[in-house]
Amino acid sequence: MHLAVYLPLLLPALAGLSAGPLARRLEPRLATWLLTAAGLILAASSTVVLGLLAVAGLVRLPLIAALEGYSPTVIARDDPAAWPAALAGAVLLTLAVAAAVRLTVRRAGALWSAALEAACLPGRESVVVTDDLHADAYTMPGLPGRIVISHGMLDALDPTGHDIILAHERAHLNHHHYAFVTLAQISAAANPLLRPLATSVAYTVERWADEYAALHTGDRRAVAETVARAAVATKRTRALRLPSAALGVLGRSPAPGVIPRRVAALLEPPPRRPAHLLAAAGALVGVSSVCVLEAAHDLHEFLELAHLRR
């Protein structure tokens with residue numbers, strides 16, 4: 001258990017470092033699914049091993065040992081977790097669960113507010129054009145979700161650009177990209193080492209929508225030009241802040257360099273699916289899962305031994 005219990009706490013750091021290259025080199029839809037799933041599994045794995053460390057510390061307490069009928073001699077001699085590690089595990093477990101629950105509540109509230117706002121928008125069509133002179137275009141999740149485009153954005157683009165913006169936003173709406181972003185953020189809340197992975201998922205959903213628009217229009221260069229023009233128009237008109245649950249052609253508060261990377265990717269051939277990268281990512285997640293199972297099995301055997309020799 002000594003090695004197995006600590007590896008799942010370290011592997012998320014490796015995942016965070018590799019998330020950026022994976023996001024850039026893999027096909028965006030595949031990258032989004034892979035990174036989101038990996039983030040959830042790695043966050044769950046690290047949380048479980050923190051729980052195992054906490055349990056290993058709890059059985060050291062005389063009251064707990066007496067209630068469960070564990071042998072103090074066996075526990076003192078064979079306990080796989082030292083006091084400092086068990087105490088740190090309990091503290092980190094509390095912080096991880098609290099952070100994940102807090103973010104889950106906040107995101108649920110944001111999605112509910114966005115759904116209510118989407119339902120209150122005028123008309124029944126999925127696309128809503130506002131009179132706002134600021135250049136803006138984004139998708140609001142809901143039942144049904146809505147695509148919001150301002151007159152400022154329409155004025156900044158030609159008819160081809162209008163089709164591209166709509167295709168981009170429909171990708172966000174139809175494929176529920178907000179869910180991927182939310183799950184990645186919850187994973188990062190549970191384990192801060194996964195924050196680069198969550199940032200990469202926010203990037204890959206935009207790339208996914210870009211590729212969807214490119215497939216819809218059949219012109220990758222036109223999509224690249226539209227993304228660039230929309231970015232310039234938004235910066236020039238200082239668009240109002242998007243709702244916290246919204247996704248759009250520019251993303252939410254894109255990090256420096258994100259728009260140029262998206263434009264550059266669209267000017268290149270469609271991305272492929274490198275088998276070696278998929279294998280490496282799968283191995284990372286697999287090792288973490290196996291380590292959790294091994295640590296849990298070892299702790300179970302230890303507690304059985306302590307119970308039998310009471």
Side-chain angles (χ1 to χ4, degrees), residues 12 15-16 18-47 99-115 118 137-147 167-216 227 242-255 258-259 261-262 265 271 273 277-278 281-282 284-285:
S18 59
L22 285 173
R24 291 190 295 271
R25 298 186 61 182
L26 288 178
E27 189 271 326
R29 179 172 55 180
L30 175 62
T32 301
W33 278 98
L34 177 64
L35 292 176
T36 303
L40 289 172
I41 294 173
L42 292 172
S45 297
S46 63
T47 303
V101 171
R102 183 169 61 251
L103 181 61
T104 300
V105 172
R106 285 175 52 196
R107 290 297 293 172
L111 290 171
W112 177 251
S113 297
Y138 54 90
T139 298
M140 298 181 65
L143 296 172
R146 311 293 288 272
I147 296 172
H168 181 103
E169 300 306 330
R170 284 199 181 97
H172 286 320
L173 188 62
N174 295 340
H175 298 290
H176 309 288
H177 288 170
Y178 64 88
F180 293 98
V181 174
T182 297
L183 292 174
Q185 289 175 343
I186 293 173
S187 300
N191 191 325
L193 295 176
L194 294 172
R195 286 177 181 172
L197 184 145
T199 301
S200 294
V201 171
Y203 169 75
T204 59
V205 295
E206 294 299 331
R207 284 283 300 116
W208 182 349
D210 289 343
E211 292 296 331
Y212 181 91
L215 182 63
H216 174 76
V227 170
L242 302 183
S244 60
L247 290 171
V249 69
L250 300 180
R252 293 191 62 253
S253 302
V258 168
I259 299 298
R261 286 202 302 272
R262 287 170 55 192
R273 302 184 179 186
L277 293 180
L278 296 176
L284 180 66
V285 173

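Because only heavy atoms are used, hydrogens play no part in the values below, and waters and symmetry mates are left out as well, while side chains stay in. This structure is a prediction, so every number in the text was calculated from the model and none was measured.
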Distance, nearest 0.5 Å, that separates CG of L26 from OG of S200: 11.0 Å
Between CG on residue L40 and OG on residue S45, distance to nearest 0.5 Å: 10.5 Å
Residues forming a side chain to side chain contact (heavy atoms under 4.5 Å, CB included) with A44, sequence neighbours excluded: none
From T139 atom OG1 to H176 atom NE2, the distance as rounded to the nearest 0.5 Å: 12.0 Å
For H175, side chain to side chain contact (heavy atoms under 4.5 Å, CB included) partners two or more places apart: A171, H177, W208, Y212
Shortest non-hydrogen contact from A184 toward A198: O-CB, 3.6 Å
CG-CG distance between L197 and L35, expressed to the nearest 0.5 angstrom: 5.0 Å
Heavy-atom closest contact (V181 atom, A202 atom, distance): CG2-CA, 4.3 Å
Closest non-hydrogen atom pair between P196 and L193, with its separation: CD-O, 3.5 Å
Student check: side-chain heavy atoms of D210 and R207 closer than 4.5 Å: yes
Residue pair L194 / S187: nearest heavy atoms and the distance that separates them: CD1-O, 3.8 Å
Considering all heavy atoms, the nearest A190-A43 contact: CB-CB, 4.2 Å
Pair listing, side-chain hydrogen bond (donor to acceptor under 3.5 Å, both in side chains) test, anchored in residues 18-37, at least two apart: T32-T204
Set of side chain to side chain contact (heavy atoms under 4.5 Å, CB included) partners for A37, sequence neighbours left out: none
Student check: side-chain heavy atoms of E169 and L173 closer than 4.5 Å: no
Ring pair (Phe, Tyr, Trp, His ring centres under 6.0 Å) against Y203, all qualifying residues, sequence neighbours excluded: none
Interatomic distance, L42 atom CG to N191 atom CG [nearest 0.5 angstrom]: 8.0 Å
Set of residues satisfying side chain to side chain contact (heavy atoms under 4.5 Å, CB included) with respect to A115, sequence neighbours excluded: none
Closest approach of A114 to M140 (non-hydrogen atoms, all atoms of both residues): O-CE, 3.4 Å
R262 CZ to E211 CD distance, which is reported to the nearest 0.5 Å: 10.5 Å
